[in-house]
Amino acid sequence: MLDINLIRKNPLIIEASLKKRNLDFPLNELIEADNLYRKRLKELEVKRHEKNELTEKYPQVSQSEKELLVLKVNEIENQIKSLEEEVEKLKEKRDYLLFRLPNIPHESVPYGKGDEDNITVREVGEKREFNFKPKAHYELGESFDIIDFERGVKLAGSGFYTLKGKGAALERALINFMLDLHKSRGYTEIFPPILITGKGAFGTGHLPKFEEDMYRTSKEDLWLLPTAELALVNLHANETLNYKQLPLKYVAYTPCFRREAGRHVDLKGILRVHQFNKVELVKITAPETSFQELEMLVNDAEEVLKLLKIPYRVRLLCTGDLGFASAKTYDIEAWLPSQNRYLEVSSCSNCTDFQARRANIKFVGGGRKESQYVHTLNGSGLAIGRTMAVLLENYQEKDKIIIPEILRPYTKFDAIE
RNA sequence: GCCGGGAUAGCCUAGCCCGGUAGGGCGCAGGCUUGCUAAGCCUGUGGGGAUUUUCCCCGCGUGGGUUCAAAUCCCACUCCCGGCGCCA
C-alpha cells in the first residue's frame with residue numbers, strides 16, 4: 001500500500017507509475033474519495049470537540065445547567081452518530097481503491113509491456129549438447145516411475161501429482177540442499193504454519209486483490225500459503241524493530257498452494273500445479289540498503305543453480321511485468337531442454353515499504369528521530385518442483401538420470417534408472 | 001470443549017475495586033554539563049489532522065452497550081497464561 005499523503009501531494013508520480021505499468025486505475029476517484037473523507041472527518045472532529053467541551057464543564061455547573069447541558073450533548077451526539085456512519089462509508093470507499101493500488105516501479109526498472117520487454121541481465125552456464133532428442137520431464141517422470149500424475153489426480157483432482165520412490169527422495173534432497181545452502185549464507189531457518197490469517201495475507205498484498213488465487217478454509221479466516229513469503233514477512237507484523245537487528249534474513253521450506261484459476265499455459269507436467277514445494281528467502285532491511293540487498297538476494301538464489309550446474313539466465317522485469325507489491329523484480333530462469341526455452345524457477349522482488357506499511361513493520365534507531373517503515377524483499381530459492389523438472393531434463397541420459405554431485409549426500413544415490 | 005486469571009504506548013509496569021487530563025521505568029532521539037573507556041541532568045518519544053512552539057480528534061486487545069463522561073462498569077468475541085477434559 002502506498003502512503004496516502006504521497007498520493008494526495010504528488011498525484012503525478014502515481015499517474016506516471018500507473019502508466020508505466022499499463023494499468024487503468026481510477027486514481028481521480030481515489031483522490032476525490034479521500035478528499036471527501038477528510039472533509040467529513042474534519043466536521044466530525046469539530047462536533048466531537050464541542051461535545052468534549054460541554055462534558056468537561058459538567059461537574060462544575062449547577063443542577064439546572066446540567067439538565068440543559070445534557071440536552072445539548074444529546075443533540076450533538078445525534079449529529080456525531082450520523083457523521084460517523086458517513087465517515088465510515090467514505091473511508092471504506094477510499095480504502096477499497098487504496099488497497100488495490102500497486103507499488104511504484106523503481107527508477108532502474110525498464111519500461112515495457114510484457115515478457116518480451118524484460119531484459120536479460122546475464123546468462124550463466126553452458127547449455128548441454130544432446131546426441132539424442134531430450135525428453136520432457138513428464139515423460140522422464142513416467143518412464144522412470146518417479147512421478148505419478150494419474151494417482152495425484154485421483155487423490156486431489158486435476159493439477160496435483162504424486163512423487164514416488166527416488167522421485168520423492170529427490171524432492172526431499174533438493175529441499176534440504178537448498179535450506180542448508182542458504183543457512184550457510186546467513187539466513188535463519190523458519191518452519192512456519194502453512195495457514196495464514198486474512199490479515200497476514202493482506203499484509204503482503206495478496207488480499208484483497210488476489211483472493212481468487214488462494215485457497216481458504218471453510219470456517220475460519222485462514223488461507224493456505226501461496227508462498228512462504230506471507231509467513232516470513234508477517235513474522236514481524238505490528239513490530240517495531242531496532243536498526244541494529246537489520247537486515248533480517250529468513251529461509252523457509254513450505255508447500256505452496258495456488259488455485260491458478262483461469263490459467264491455461266504449462267498445464268502438462270508439473271510446471272503449473274495447485275500444490276508445489278518451495279524454499280523461500282525473505283529479507284527485512286533498512287530503506288537505504290534494500291536495492292543492494294536485492295542484488296545479493298538474487299545471487300543467493302542463483303547459487304543454487306550454479307552448484308547444481310544447470311544453465312540459467314537472470315531477467316530484469318520491465319514495468320509491465322512487475323508484480324503488484326514489487327518495485328523491482330529479477331526472475332531467474334533455468335534451461336528446459338525439451339522445450340528449448342528458459343523456465344522461471346525464482347522471482348526476487350524488492351517490495352520497498354509497500355508491504356511494511358500494510359503489515360505495520362517499522363524500525364527505530366540508526367540516528368533516526370522517528371520510527372520508519374522497513375523494506376521487505378522476497379525471492380524463491382528455489383521452486384522445488386520446477387527445479388526438479390529442469391534437473392531431470394538437463395541430467396537425462398538414454399537409460400538413466402544422473403544426480404548432480406552436490407545432491408548425492410542428500411539423495412544417497414547417484415542415478416535414477 | 002469447560003473453569004479461572006490476564007491483554008495499557010517499541011518493551012516492562014501503575015491506574016481498574018471506588019468512572020472525570022494514562023503516571024513511572026527501560027530503550028530510542030535531541031540538548032546541557034563534565035578532563036578520562038563513562039556518568040549525571042533536561043526535553044521529546046502511539047496514530048491522524050491543522051492556521052504546525054500554541055491547537056484539535058482518536059487511542060488502554062477487538063466490537064457493541066450503559067453514562068453528561070469509560071483504561072475503569074456491563075455484554076460478546078479474539079489472543080495469551082494456568083487448571084481440567086480430549087488428542088498425534
Between B:U66 and B:G15, how far apart are the P atoms? Round to whole Å, please.
29 Å
Say you pick atom C1' in B:A14 and the same atom in B:G85; how far apart are they, in whole Å?
38 Å
Can you tell me how far P in B:G46 sits from the matching atom in B:C11, rounded to whole Å?
13 Å
Rounding to an integer number of angstrom, what distance separates B:U72 and B:G82 when you compare their C1' atoms?
25 Å
Does this structure show an ion pair linking A:Asp117 with A:Lys113, if we count only N-O contacts that are shorter than 4.0 Å?
no
Sticking with atom P, work out how far B:U78 lies from B:U67, rounded to a whole angstrom.
28 Å
State the pairing partner of B:A14; accept Watson-Crick or G-U wobble contacts with both distances under 3.5 Å, and report none otherwise.
none
Under 4.0 Å between a side-chain nitrogen and a carboxylate oxygen: does that hold for A:Glu212 and A:Arg259?
yes
Less than 4.0 Å between a side-chain N and a carboxylate O, is that true for A:Asp300 and A:Arg185?
yes
Which ones in residues 62-84 of chain A lie close to RNA chain B, meaning a heavy atom under 4.0 Å from one of its atoms?
A:Val70, A:Val73
Can a salt bridge be assigned to the pair A:Arg40 and A:Glu43 using a cut-off of 4.0 Å between side-chain N and carboxylate O?
yes
Would you please test A:Thr204 and A:Glu229 for side chain to side chain donor-acceptor pair (under 3.5 Å) and show each step?
CA-CA 8 Å; A:Thr204 50; A:Glu229 170 195 343; 5.1 Å; no
Atom-to-atom span, CG of A:Leu41 to C1' of B:C57 - whole angstrom
8 Å
For B:A7, give its Watson-Crick or G-U wobble partner with both distances under 3.5 Å, or none.
B:U78
Taking B:G23 as the reference, what is the distance to B:U33 when you measure between their P atoms (whole Å, please)?
30 Å
What interatomic distance, in whole Å, is found between P of B:C16 and the corresponding atom of B:C80?
28 Å
Considering only NZ, NE, NH1 and NH2 on the basic side and carboxylate oxygens on the acidic side, decide whether A:Glu280 and A:Lys278 come within less than 4.0 Å.
yes
B:C79 and B:U62, which share atom name C1', separated by this distance in whole Å:
10 Å
